[in-house]
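Values reported hereafter were calculated over all heavy atoms of this structure, with side chains retained and with hydrogens, waters and symmetry mates removed.
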Amino acid sequence: MDISQPTVLSAADALALRYGPDAVPAAGPWNETIGLLLSHRSVRGYRPDALPAGTLETLIAAAQSAATSSNLQTWSVIAVTDPAKKAELAKLANNQKHIEQCPLFLVWLADIARNQRMGAEEGVALEVMPYQETFLVAAIDAALAAQNAVVAAESLGLSTVYIGALRNHPLEVAKVVDLPSGTFGVFGMCVGYAAAPAEVKPRLPQDVVLHHERYDSTGEQAHRAAYDAVMTQFSARNEMAADTWTKRVIGRMSKLSALSGRDKLVAALNALGFELK
Ligand SMILES: Cc1cc2nc3c(=O)[nH]c(=O)nc-3n(C[C@H](O)[C@H](O)[C@H](O)COP(=O)(O)O)c2cc1C
């Protein structure tokens, strides 16, 4: 089996790729949609090929079909194709080259500016606006919409990668795409045709994340050790260093510098019109 080719796999093969051969969960119901979801991989190298006409609108229709809290629809998205603008955004997002390479870069927004405008137009003060809950709702809405777009893109043979590094410089990003107060770039997303096949990245064994009736972390250490072994092999095949997952997570979470400026996110959000009471 060629693990790097996004082909239609059997349930057993898809589960083995997702979890590694020793942690495959029991097979259950299966269909093409589930097969597509399990074959997801982020792609960080793109061909310059343009997307077929109408692709953006299809992705957005999929995104708008996601559930949205109270049907508030507190998100928006900015489609960026201008090379100069993509270059600016790439610079702000830790110089990630795929932002410039991909034909379409999407900036997903938590957007309560529309509600602010509605309130003003209707002459009603919206008391919930300054609360953290309102920001959280908007960020969740944006994430659900974006993930629907990812699934739609992958179903069309396209690839994607989220760009959380857009939050390294939220105020500067806001300037590049003219964001009004009450909007925030939660993350970006590259969309395009993969320059090279990518391998499915295994996930933690289900026993670690799936709890029944009550939270239970029994056995977690052993499962983590097993996952570390799987991920060491994955990173040896795919990444610069053959590290364990534990080492990477600890590295990512033990130093404030790893937040790349996002430790100041609350101040940035305040400046962008989210009071976060
Ligand atoms: C919100 C979010 C932000 C992310 N930001 C970045 C990013 O800035 N750069 C990047 O290369 N990958 C980014 N990723 C991709 C993750 O690294 C990737 O999903 C994870 O390693 C699992 O790999 P997979 O998507 O191939 O299964 C992000 C993913 C999410 C969900």
Side-chain angles (χ1 to χ4, degrees), residues 4 40-51 55-56 59 75-110 139 142-143 146-147 149-150 153-154 158-179 183-201 231 234-245 247-269 271-272:
S4 60
H40 159 78
R41 61 268 265 168
S42 293
V43 164
R44 298 179 180 84
Y46 291 89
R47 304 201 310 255
D49 313 30
L51 306 183
T55 301
L56 171 62
L59 299 186
W75 65 274
S76 290
V77 63
I78 302 196
V80 181
T81 54
D82 174 12
K85 208 158 258 198
K86 280 192 291 169
E88 276 187 84
L89 292 171
K91 211 164 146 194
L92 293 171
N94 202 22
N95 295 309
Q96 297 190 60
K97 63 174 186 347
H98 29 279
I99 300 175
E100 290 184 73
Q101 283 174 352
C102 66
L104 173 64
F105 186 69
L106 297 173
V107 180
W108 294 91
L109 306 176
Q147 182 57 22
V150 165
E154 290 178 352
L158 293 162
S159 294
T160 64
V161 62
Y162 282 94
I163 302 294
L166 216 60
R167 296 192 302 277
N168 293 0
H169 299 286
L171 303 181
E172 291 82 350
V173 167
K175 277 191 198 126
V176 174
V177 288
D178 285 336
L179 297 188
T183 57
F184 166 65
V186 187
F187 43 70
M189 181 187 289
C190 300
V191 183
Y193 293 99
E199 191 181 332
V200 166
K201 189 183 282 185
M231 281 305 287
F234 174 89
S235 62
R237 284 192 302 271
N238 293 280
E239 291 159 355
M240 302 292 276
D243 284 338
T244 64
W245 179 74
K247 187 173 172 207
R248 290 198 177 207
V249 171
I250 296 293
R252 176 70 174 73
M253 303 192 85
S254 57
K255 295 265 184 297
L256 204 54
S257 58
L259 281 184
S260 307
R262 297 182 220 171
D263 47 308
K264 301 178 188 73
L265 197 57
V266 171
L269 282 165
L272 290 169

With rounding to the nearest 0.5 angstrom, report the CG to CG distance, L269 to L171. 9.0 Å
Could you give all pairs that pass the side-chain hydrogen bond (donor to acceptor under 3.5 Å, both in side chains) test and reach residues 95-104, with sequence neighbours left out? Q96-H98
Where at least one partner belongs to residues 248-269, residue pairs that pass salt bridge (charged side-chain N to carboxylate O under 4.0 Å, His left out), sequence neighbours excluded: E239-R248, D243-R248
Shortest non-hydrogen contact from L109 toward A142: O-CB, 3.7 Å
To check you understand the geometry: which heavy-atom pair defines the closest contact between G251 and A258, and what is its length? O-CB, 4.2 Å
Sequence neighbours excluded, the answer for side chain to side chain contact (heavy atoms under 4.5 Å, CB included) partners of T244 is D228, T232, T246, K247
Rounded at 0.5 Å granularity, tell me how far NZ in K201 sits from OG in S235. 9.0 Å
How long is the span from the OG1 atom in T183 to the CD1 atom in I78, to the nearest 0.5 Å? 7.0 Å
Heavy-atom closest contact (A110 atom, A139 atom, distance): CB-N, 3.9 Å
Sequence neighbours excluded, which residues qualify as ring-ring contact (aromatic ring centres under 6.0 Å, His included) partners of Y162? F187
Provide the closest heavy-atom pair for G185 versus V107 in the form atom of the first, atom of the second, distance. CA-CG1, 4.3 Å
Listed partners of T160 passing side chain to side chain contact (heavy atoms under 4.5 Å, CB included), at least two apart: V150, A153, E154, M189, V191
Sequence neighbours excluded, the answer for ring-ring contact (aromatic ring centres under 6.0 Å, His included) partners of F184 is F135
Would you compute the distance between atom CD1 of I99 and atom CG of L92 and round it to the nearest 0.5 angstrom? 9.0 Å
I need the Y46 OH to L158 CG distance, nearest 0.5 Å. 9.0 Å
Apply salt bridge (charged side-chain N to carboxylate O under 4.0 Å, His left out) to D178 and list each qualifying residue two or more places apart in sequence or on a separate chain. none
What side-chain hydrogen bond (donor to acceptor under 3.5 Å, both in side chains) pairs are there with at least one residue in residues 81-90, not counting sequence neighbours? none
Shortest non-hydrogen contact between G192 and P103, atoms and distance: CA-CD, 3.7 Å
Pair listing, salt bridge (charged side-chain N to carboxylate O under 4.0 Å, His left out) test, anchored in residues 164-177, at least two apart: none
Check G188 against L166 and note the closest heavy-atom contact, atom names and distance. N-CD2, 3.5 Å
Could you walk me through whether W75 and V186 pass the side-chain contact (heavy atoms from CB on, under 4.5 Å) check? CA-CA 10 Å; W75 65 274; V186 187; over 6 Å; no
Gap between atom CG of L179 and atom OG of S76 - 0.5 Å precision: 9.5 Å
Does A79 have any side chain to side chain contact (heavy atoms under 4.5 Å, CB included) partners at least two apart in sequence or in another chain, and if so, which? L56, L104, L106
